[in-house]
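Heads up, the thing below is written out as structure tokens.
Count residues from 1 along the sequence.
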Amino acid sequence: MIGTLLFVIAIVYIVQYFLLTVGLRRADSISSDKSYEPFVSVIVAARNEQEHIGECVSSLLHLEYPREKLEIIVVNDGSTDSTGAILASYLPNPLLTIADTSAAPGNLRGKTNAVATGISRARGEIIMLADADCTVQPTWVRETVQYFTPSTGVVGGFTLLTSRRIFEGIQSLDWLFLFGISSSTAGWGAPLTVIGNN
């Protein structure tokens, strides 16, 4: 009985490993157009992010993408700390727009309202989202937009967590595993999810 159970578990493991591996390879082989340079709007929703917003905005202002095809919209979602003052210190900057949320009708509350506020101001053909506690690589926009085609609606990115303690390292491994599964299912043409910070 135990031998049969172990055999079944081994078969399931092998099949799962095969499906995940093939899905990741298929996802990695998705074609891209490195010459595609649409106008891009980057939207960041921020609420009480005084500890992180400066690093986030600084990383966005160092994006390696044509300046005439880029705008960064940071939406201050009713912060009660110094988030607003930190954002104001980056102005004036032709790339950066700071917006404030206002009461919205219906179900638009919190981050959803902040993102909707940013989208209503966006001029970009492509809208990219980042969280206020994230920093991005200089090539983030360029490497993401190259995967858009006329038949693509959403491109999901891969986000890594910074860990300073053992428990955070374990969480990072868990996060990496979940992203691996999501990437694999996308490779099979059945994406499970994308995250709002990338």
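Counting only N and O atoms by type, the side chains of Thr135 and Glu55 include no donor and acceptor under 3.5 Å apart. The closest side-chain donor-acceptor pair between Glu71 and Ser41 falls under 3.5 angstrom. With no hydrogens or angles considered, a side-chain donor-acceptor pair links Ser58 and Tyr90 at under 3.5 Å. One side chain, Asp77 or Thr101, offers a donor N or O that lies under 3.5 Å from an acceptor on the other.
Shown here are the side chain to side chain contact (heavy atoms under 4.5 Å, CB included) partners of Leu19, two or more places apart in sequence or in another chain: Val15, Trp188.
Looking at Ser184, its side chain does come within 3.5 Å of a backbone N or O of Leu20 through a donor-acceptor pair. A donor-acceptor contact shorter than 3.5 Å is absent between the side chain of Asn76 and the backbone of Asp100.
Taking all atoms of both residues into account, the shortest heavy-atom contact from Asp133 to Glu49 is CB-OE1, 3.9 Å. Scanning both residues, Ala45 and Ala114, for their nearest heavy atoms gives CB-CB, 3.6 Å. In terms of heavy atoms, Gly118 sits closest to Ile43 at C-CD1, 3.4 Å. Nearest heavy atoms, Ala130 versus Trp140: CB-CH2, 3.9 Å. Contact detail for Ile53 and Leu87: the closest heavy-atom pair is CG1-CD2, 3.5 Å.
Criterion: ILVMFWY side-chain heavy atoms under 4.5 Å apart, direct or through other members. Under it, Val8 and Ile14 are not part of a common hydrophobic cluster.
The environment of CD in Gln171 is crowded: more than 12 heavy-atom neighbours from other residues, nucleotides or ligands sit within 6.0 Å. The environment of Arg67 atom CZ is dense: over 12 non-hydrogen atoms of other residues, nucleotides or ligands sit within 6.0 angstrom. Atom OH of Tyr36 has more than 12 neighbouring heavy atoms from other residues, nucleotides or ligands inside a 6.0 Å radius.
Residue Ile170 belongs to a hydrophobic cluster whose other members are Ile166, with links defined by side-chain heavy atoms closer than 4.5 Å. Under the 4.5 angstrom side-chain criterion for Ile, Leu, Val, Met, Phe, Trp and Tyr, Leu173 has no cluster partners at all.
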